[in-house]
Structures are given as structure tokens and as C-alpha cells.
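Structure first, then comments.
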Amino acid sequence: MSVVLETRGLTKAFGGLVAVDNVSFQLQESELLALIGPNGAGKSTCFNMLMGQLPPTSGEVFLMGEKITGLKPRQIWRKGVGRTFQITATYSSMTVVENVQMALLSHNGRIFRFRSQAHRLYRKEALALLDMVGMADQADRHCAVLAYGDLKRLELATALAHEPTLLLMDEPTAGMAPKERIALMQLTADIVRDQGVSVLFTEHDMDVVFAHSHRIMVLNRGALIAEGSAAEIRANPMVQEVYLGGGTVFGAEEHADA
Amino acid sequence: MEFFVAQILTGLANASSLFLVACGLSLIFGVTRIVNFAHGSLYMLGAYIGLTLMETLPGHVGFWGSILLAGIAVGLIGVVIEMLVLRPVYRAPELFQLVATFGVILVIQDLALMIWGPEDQLGPRAPGLRGVFRIMGEPIPKYDIVLLIITPIIALALWYMMARTRLGVLVRAATQDREMVGALGVNQAWLFTGVFALGSALAGLGGALQLPKGGADLLMDFTILTPVFVVVVIGGMGSLPGAYLAAIIISVLNVFGVTYIPQSTLVLMFLVMIVVLMIRPYGLFGREEVAGEHGQVGEPEEPIKPASRQTRLIVAAGLVLLALLPLIGSNFALVLSTDILIFCLFAASLHFLLGLGGMVSFGHAAYYGGGAYVAALLVTWTNTPMELAFLLAPFGAGLAAIIIGWVCLRLTGVYFAMLTLAFAQLLWSLVWQWQDVTGGDDGLVNIWPSDWLNNNTAFFYFALLFSVGGILVLRHVAHSPFGYALRAARDSQRQAEATGIDTQRVKLLAFTFAGFMGGLAGALFVFSKGSVFPNELEIVRSFDALIVVFLGGVKTLAGGVVGAAFFKGVEDILTRFEYWRLVMGLLIIFVVVVAPEGIVGSLRRAARRIGLGKEQPS
Ligand SMILES: Nc1ncnc2c1ncn2[C@@H]1O[C@H](COP(=O)(O)OP(=O)(O)O)[C@@H](O)[C@H]1O
Ligand SMILES: [Mg+2]
């Protein structure tokens with residue numbers, strides 16, 4: 001097993017607030033690693049530093065042993081990292097399949113082409129990706145009219161377009177019905193198994209986390225406070241303290257925050 | 001040394017009106033996030049109203065009372081404008097506000113023409129302030145000295161109001177964080193109205209105060225607009241100290257410019273602005289604009305599809321009919337159709353930038369006029385054959401666009417718009433003032449096409465070929481991977497960047513391409529008219545294009561072309577009437593408030609309502 005992603009002392013301060021504090025971890029090949037923590041713990045900030053949306057205040061990120069800190073998101077994407085966002089962002093003026101085609105066009109270096117018609121290119125591949133997430137029947141719908149859960153699935157299909165080695169998913173199931181959540185994470189787990197993708201994800205629904213992740217890390221106020229298997233995390237008094245002390249119970253949290 | 005001091009004093013006196021108008025504009029922008037392009041019109045109204053009052057009210061009290069009353073009157077007019085025109089567009093994108101306030105400009109221009117007539121009016125001397133003071137031996141008009149003293153007093157009064165009164169607290173709160181106003185338990189609508197009234201009153205006051213120096217005329221609305229925007233942008237939108245400092249910098253610079261380099265005063269002003277913005281993108285005292293402050297209006301944009309077979313046939317049939325025009329139409333119809341075709345290409349090039357790229361350029365005339373001037377200069381100075389000059393013109397415009405775009409694309413939203421406007425004005429002032437080369441105000445004439453094209457019919461076909469060809473190329477690119485990438489960058493820059501798309505590069509290339517196409521339209525224009533004048537580079541020309549794109553419908557592919565054809569046609573009919581601006585202005589305001597989706601968007605919706613075609617061609 002090789003290390004796909006590694007961070008060393010990753011830190012981000014917004015003015016006086018240290019949102020992510022000296023976070024170091026490793027993600028193994030074909031691992032489904034969960035990053036959990038209460039609202040405002042710094043999970044999204046951490047993701048933003050992993051993929052270059054935010055420059056870290058200090059610390060480093062390595063992808064397959066290569067340092068990627070300081071690179072732009074699009075450069076990191078080209079190195080084989082896909083990402084979904086906590087607040088979905090799709091191209092709302094396009095159809096569902098065109099959203100996926102866009103990523104395929106980019107992957108195949110076709111962005112600066114002027115002669116061909118974009119909606120004909122890579123349509124088959126895009127449909128296959130949509131089929132994988134169960135969205136093929138909605139391929140030609142206008143993206144702006146999709147239900148939130150469908151947008152999340154579309155985002156996943158788009159993130160898989162360039163056959164990433166690493167997938168970062170920030171609250172992939174937020175805003176979905178419980179049944180849908182289980183289904184989406186099952187799907188993600190299948191993809192990990194079939195394609196050897198490694199996944200780092202954050203999630204509020206503890207049922208989902210405990211059911212599907214291989215390993216769990218707990219972030220609180222920017223710092224990693226625990227790490228281990230589902231059973232270990234469940235039994236960890238510090239983790240219980242964080243969650244119970246914060247007035248929330250496992251599984252009872254549901255947010256659509258930023 | 002004496003001369004130097006006198007110059008500075010004159011500059012400070014000139015800063016007076018500029019500051020008043022600019023700080024009104026800045027105040028309004030800070031609170032409402034609206035760029036009030038009609039601010040120059042309010043200034044003009046202040047001058048005219050002040051003048052009328054001074055003619056009836058006698059003596060010292062009459063003079064100063066008139067100025068004060070003019071301010072109040074314009075403030076009240078501001079209330080009317082705010083409630084009728086701006087309230088419906090507060091949450092809309094910048095373009096809506098530009099178009100709405102531009103409608104107001106047209107309406108006020110014609111109302112002023114109706115009431116006060118076309119002649120320039122001399123301002124009365126201030127009673128008791130004729131003649132000059134001698135300061136270190138240099139003569140300074142007495143009225144200048146009074147202005148010198150009044151301006152800081154007004155500035156201090158404003159500062160006091162901002163710092164110490166409840167209104168001031170609210171204004172500052174709203175400028176910093178719009179959500180906070182709601183939390184303070186204030187009716188936001190009335191705060192906006194109040195601030196708009198105050199800003200308008202300041203503009204009116206500025207107009208009335210400058211009467212003894214400048215009088216009143218129907219061009220002062222646009223004359224003041226340019227320096228006011230420069231001042232507001234340099235000072236930082238929303239900052240009063242910024243406006244004060246920048247007004248002084250620009251006025252003093254201008255006075256020295258007139259003395260030492262009279263040929264480049266305007267250029268100097270824009271250069272200062274561009275340099276400031278390159279170092280401090282949000283002005284000297286401005287605050288970074290938070291993205292997404294402007295919402296969307298109407299339904300989200302629909303996916304685009306290449307035209308259906310049926311639509312293609314209809315368009316082809318229309319083109320064939322158009323091609324038959326020389327056989328059936330009059331000479332006049334030919335010339336008008338040529339104008340319309342050229343304007344359609346210009347509008348389509350802006351629509352590409354604005355509609356597909358989401359880049360609201362307020363200075364697209366730079367490339368249209370730029371293309372025209374490149375061709376005209378080549379013909380005039382190097383005797384370049386028409387065909388070659390015609391081909392080189394779009395490349396010249398594209399080159400300008402790549403440079404300007406590279407600088408402007410560092411900014412977004414209103415600041416991007418302002419900077420594009422500034423560059424267009426820079427080009428305009430270069431052409432205006434560099435008389436030896438460009439002919440200045442007299443333009444460049446005798447730029448006729450080669451013999452084989454030198455009749456209306458031949459040139460009509462030439463324009464038809466290149467306009468329609470250009471528009472089809474623009475449409476084709478819209479459907480290409482690049483066009484899609486451009487829309488992707490507009491819809492979600494974050495997602496595009498996170499999937500490997502270099503959005504800045506995509507936007508810069510689109511900006512250049514749109515500039516190139518605008519330049520092509522300009523080249524067609526110059527050879528169709530045989531001459532070019534600086535007004536092809538003016539703000540008004542940029543606004544023309546923006547308005548037709550808006551009227552046609554930003555969110556539809558055909559919007560630019562349809563809007564341009566409609567607008568040119570209507571304009572041709574309307575301009576035969578004396579007060580066509582009034583009608584046009586009201587029409588524009590009507591569209592903004594009632595049919596914000598434009599012609600194509602509204603038609604499409606209407607068609608859908610009566611059950612016609614789900615998949616309308618776009
Ligand atoms: N751009 C920013 N500027 C200032 N503070 C921020 C910014 N982004 C996030 N924060 C703060 O950092 C902390 C962590 O936020 P976030 O990473 O979104 O948490 P999570 O995703 O775990 O809910 C929060 O307190 C949040 O307010
Ligand atoms: Mg988060």
C-alpha cells in the first residue's frame with residue numbers, strides 16, 4: 001500500500017482565528033477516509049488547502065510523494081485529484097450531460113478548440129459516467145431545475161470524469177434524504193473498490209460514516225483530536241465530549257452550512 | 001512660485017463642483033451599490049434650476065438661496081427617480097442599473113431641452129464677488145476664493161453627518177455590511193431613498209455652485225460624468241475622503257496640465273486613474289468588492305442548442321430576401337440596412353462578451369471606434385489600400401483588447417466595468433487631443449473604399465457578407481468547446497478552475513476575440529461613411545451597444561442581433577421627431593422595469609405560455 005495523500009503541519013489562520021491547526025495525516029491507496037468534526041471545525045478549510053483553493057498559512061501537502069502546496073486548483077486537478085464541494089457549483093446554464101462533458105473536454109485538452117460543436121464531443125463517455133451515478137435518465141435536463149440530491153450526484157459524476165486517483169468530497173450527502181445518503185455512499189464505496197480511487201470525505205451523518213469509512217479522523221477547532229476505526233472513534237471519550245459537549249448527538253446533525 | 005500657488009488655488013476651486021458631484025455618486029454607490037450614470041444629469045438640472053431661480057430671486061440672498069434651493073429641488077427629483085426607476089432594479093446585475101439610469105439620462109436631456117431650450121446659458125456673476133483678489137501678486141477670481149472656502153466646509157459638514165448623526169451611522173453600516181441595516185431595525189427602502197436624495201442634492205448643489213464659472217448647457221451631463229467617474233474610482237467607490245482627495249488631485253493636475261501640456265490633459269487624467277487602479281485595484285480608500293452582491297433577474301439562462309433545421313431555413317430565407325434588397329429597395333433603404341448590419345455585428349460582439357462571458361464591459365466602443373481609427377489612420381498616413389486596411393483594423397482592435405483585457409480582468413463586477421470604461425475614455429481622449437495625427441474633433445475624412453466597392457449596392461453586399469459572416473462565426477464559437485468553457489467560467493469560476501480550466505485565459509481570449517469582432521464592425525463602418533470622428537469611441541457608443549444587447553436579451557444567443565436591428569430601426573423612425581430621446585428613454589426604463597428578459601426572452605416566454613414549441617431556437 002502506498003501513501004496517496006499526506007499533509008504535514010497544515011495550518012490556516014484567518015486573522016486571529018486558527019481555522020486549521022497543525023494537521024498531519026496520511027491517506028492510503030484505495031482507502032475511504034472520513035474527516036468528521038462539529039460545524040466550524042475547519043473541515044472545509046482543510047479541503048480548500050488540499051486542492052489549492054486556499055494557500056495554507058504553513059505546512060505542506062504531498063500527492064503521491066510530490067509536493068503540491070502552492071499549486072492552483074486546476075494544476076492539482078490535472079495531477080489526478082477530483083473534488084466535490086459542500087455547496088454544489090454546477091454550470092447552471094447547461095444540461096446535465098454538458099456539465100460532465102465540460103470536465104471531459106478539459107481533461108482531453110480541448111478547451112481552446114473553436115471548430116467542433118461541444119455538445120457532440122465525449123457525449124458517450126459523459127453518459128456512461130452519469131449512468132454510474134444513476135443520472136443517465138436526466139442527462140438532457142436543464143441543470144438549473146435539478147433537485148439538490150441530483151446535483152450532488154452530478155457533481156460526483158463530474159469529479160470522476162478524469163479518472164482521479166484521489167477524490168475529495170466535502171459533505172457529499174448534505175441535503176439528501178437518509179435513504180439517498182446511504183445509496184450515494186454505497187456507490188462511492190463501490191467506486192473505491194472497483195477503480196482503486198482513494199477518497200477523503202467529510203460527513204455529518206454518523207450512520208453513513210460508521211457504515212462506510214475504513215478509517216475516521218476527528219477534527220475539533222482546527223486540530224486533529226482522534227483517529228482510528230469506527231469502533232475506536234465511537235469509544236473515544238474525547239470524541240464523545242466534543243460531540244455531546246457541543247450539544248449534538250451522533251447522527252442527529254444536519255447542516256447546510258458553508 | 002507665485003504662479004505655482006495661484007495654479008494650486010485655481011485647481012482647488014475647480015475641485016469644488018467635482019467633489020460635490022463625486023461624493024454624491026460615491027455615497028449612493030456605497031449604500032445602494034448602484035452606479036448612478038444619471039448623476040451628471042442631476043448636476044445639469046441643478047445648474048438649470050439654479051439659473052432660473054437666480055433670474056427671479058434678487059441680490060445676495062437670492063443668489064445663495066437659489067443655489068440652496070436648486071440643491072433641494074434636485075434632491076426631490078432624485079426621490080422620484082429612485083422610487084420609480086431604481087427600486088425595481090436594486091437586486092439586479094450592474095447592467096440593469098446602467099441601462100435604467102441611461103434611460104433617465106435620455107429623459108432628462110429632452111426635458112431640459114423642452115424647458116430651457118437648446119442655447120448655452122451664461123451664468124450670472126455672484127453679487128459682490130466680481131473681480132479678483134491679488135494673492136502674492138497673482139489675480140484670483142473672488143468667486144474662486146469663496147469656493148475654496150465653501151468646499152471644505154461642506155466636506156466637514158458631510159463628515160460630521162457621517163460621524164455623528166444617526167443617518168451617518170446607518171449609511172456607514174450599510175456601506176460596510178448591507179445585512180447590518182436590517183439588523184438595526186431600519187426600513188431599508190427609505191434609507192436608500194434618503195441617501196439617493198442626499199446624493200442627488202449634492203449633485204444639484206454642485207451644478208448650481210459652478211454657474212458663475214461655467215453656466216449651463218445641454219452637454220454638461222456627459223462632460224462632468226467622465227471626471228466624476230475618474231474621481232470616484234480613484235478615491236474608492238463609497239469613500240467620501242477618497243472622493244475629496246481624488247477631486248483635488250484631478251483638478252490640480254488638470255490646471256497644471258492645461259498650462260504645461262495642454263495637448264494631453266484628458267489623457268493624463270485617465271493615465272493617473274489606470275496607474276492608481278493597477279496599484280490599488282479598489283481605489284485609494286475603497287474596500288474590496290464582495291463577489292455576488294448583485295443577484296440575478298428572471299429565470300436562469302437556458303441551455304443553448306445549435307439552431308434547428310427549421311430555424312436555419314427561416315434565417316436563410318431572410319438572408320436571401322435581404323440580398324434582394326438592392327433590386328427592390330431605395331437607396332435610402334440600402335444605406336440604412338448597411339448601418340443596421342454593421343451595428344448588429346458590433347452588438348453581437350459585445351453580446352459574446354457580456355452574455356456568454358458575463359463580462360460587463362462599459363467600454364466596448366474602444367474596439368469599434370478603435371478598428372475604425374486603425375483603418376482610417378492607415379489609409380490617411382500610409383496610403384494603405386482599402387482592402388489591407390480593412391483586414392488590419394480588427395487585428396489592431398484585438399491587440400488593444402488583449403492589452404486592456406489583461407489589465408481589466410484582474411478586477412470583477414463594477415470595478416471591471418469602470419476600468420473598461422476608463423480605457424475606452426483613454427483612447428477617446430488620445431484621439432480627441434492628438435490632433436496632428438487623428439484630426440481631433442475634425443476626425444479623419446476621405447476614407448472611401450476601393451472603386452469596386454464604391455457604390456451603395458456593392459458596399460451593401462460587402463457589409464452583408466462580413467456582418468452576417470461575423471455573426472455566424474460568433475455563434476459558431478458559442479457552440480464550440482471554447483464557447484462552452486467561457487460559459488462555464490461565467491456560471492461557476494470555482495468549478496471550472498477545479499476541473500482544470502484556466503478561466504483567466506479563457507476570459508482574456510474571449511475579450512480579445514470580442515474586441516477583434518468589434519474592430520471588424522468598426523472597419524465596415526468607417527468605409528461605409530468615408531470618415532470617422534471621435535464620437536465613435538465615446539461613452540455613448542459603448543452604452544448604445546450595451547442597451548441593445550440588453551433590449552434584445554442578455555440570456556439569449558440571438559439577443560444582441562435582434563436588439564440591434566430593433567433599436568436601429570426604431571431609432572431611425574424616432575429621430576425624425578424632436579423629442580425622440582424622451583420616448584427612447586421611457587421605452588428603455590419600461591423594458592428594464594417590466595420586461596427585464598428583453599425582446600427575445602419575453603417573446604420566448606410568451607410563445608411558451610400559449611403553448612408554442614418547448615425548444616425555441618435561441
Ligand atoms: N474565508 C474565511 N475567512 C475567515 N474565516 C473563515 C473563512 N473560511 C472559514 N472561516 C472560519 O474558519 C472556521 C472553519 O470553517 P470551515 O472550514 O468551513 O468549517 P467546517 O467545514 O468544519 O464546518 C470557521 O470558524 C469559519 O468561520
Ligand atoms: Mg464545511
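In what follows, every chain begins at residue 1, and chains take the letters A, B, ... in the order their sequences are listed.
- Heavy atoms of B:Ala496 lying under 4.5 Å from chain A belong to its backbone as well as its side chain.
- Only the side chain of A:Met51 comes within less than 4.5 Å of a heavy atom of chain B; its backbone N, CA, C and O stay farther away.
- In this structure, A:Gln28 and A:Leu33 have side chains that are not in contact, with every pair of non-hydrogen atoms separated by 4.5 Å or more.
- Using modelled atom types, one finds a donor on one side chain and an acceptor on the other under 3.5 Å when comparing B:Thr503 with B:Glu497.
- Of the atoms belonging to A:Thr88, it is backbone heavy atoms, and not side-chain ones, that fall under 4.5 Å from chain B.
- With a 4.5 angstrom heavy-atom cutoff, B:Leu509 touches chain A only via side-chain atoms.
- Contacts of B:Arg490 with chain A are made by side-chain atoms alone, with heavy-atom separations under 4.5 Å and no backbone atom involved.
- No side-chain donor-acceptor contact under 3.5 Å links A:Thr95 and A:His142.
- Atom OH of A:Tyr148 sits in a crowded spot, with more than 12 heavy atoms from other residues, nucleotides or ligands closer than 6.0 Å.
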task: Determine, step by step, whether A:Phe62 and A:Thr7 satisfy the side-chain contact (heavy atoms from CB on, under 4.5 Å) criterion, reporting the C-alpha distance in whole Å, the side-chain angles of both residues, the deciding distance to 0.1 Å, and the verdict.
output: CA-CA 6 Å; A:Phe62 298 87; A:Thr7 69; over 6 Å; no

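- Note: A:His162 and A:Trp77 have parallel aromatic rings, judged against thresholds of 30 and 60 degrees for the angle between ring planes.
- Annotation: side chain to side chain donor-acceptor pair (under 3.5 Å) contacts of A:Lys67 (sequence neighbours excluded): none.
- Residues of residues 109-125 of chain A that come within less than 4.5 angstrom of chain B, heavy atom to heavy atom, are A:Arg110, A:Ile111, A:Phe112, A:Arg113, A:Phe114, A:Arg115, A:Ser116, A:Gln117, A:Ala118, A:His119, A:Leu121 in numerical order.
- Both the backbone and the side chain of B:Val506 come within less than 4.5 Å of a heavy atom of chain A.
- Only the side chain of A:Glu155 comes within less than 4.5 Å of a heavy atom of chain B; its backbone N, CA, C and O stay farther away.
- Contact tally against chain B (heavy-atom pairs below 4.5 Å) for A:Pro73, A:Ala103, A:Cys143: the top residue is A:Pro73.
- Looking only at atom types and distance, the side chain of B:Tyr484 has a donor-acceptor partner in the side chain of A:Glu98 under 3.5 Å away.
- Checking A:Ser93 against B:Asp491 by side-chain atom types alone, a donor-acceptor pair falls below 3.5 Å.
- Ion pair A:Asp170/A:Lys43 not flagged as a salt bridge, since none of the NZ, NE, NH1 or NH2 atoms sits closer than 4.0 Å to an Asp/Glu carboxylate oxygen.
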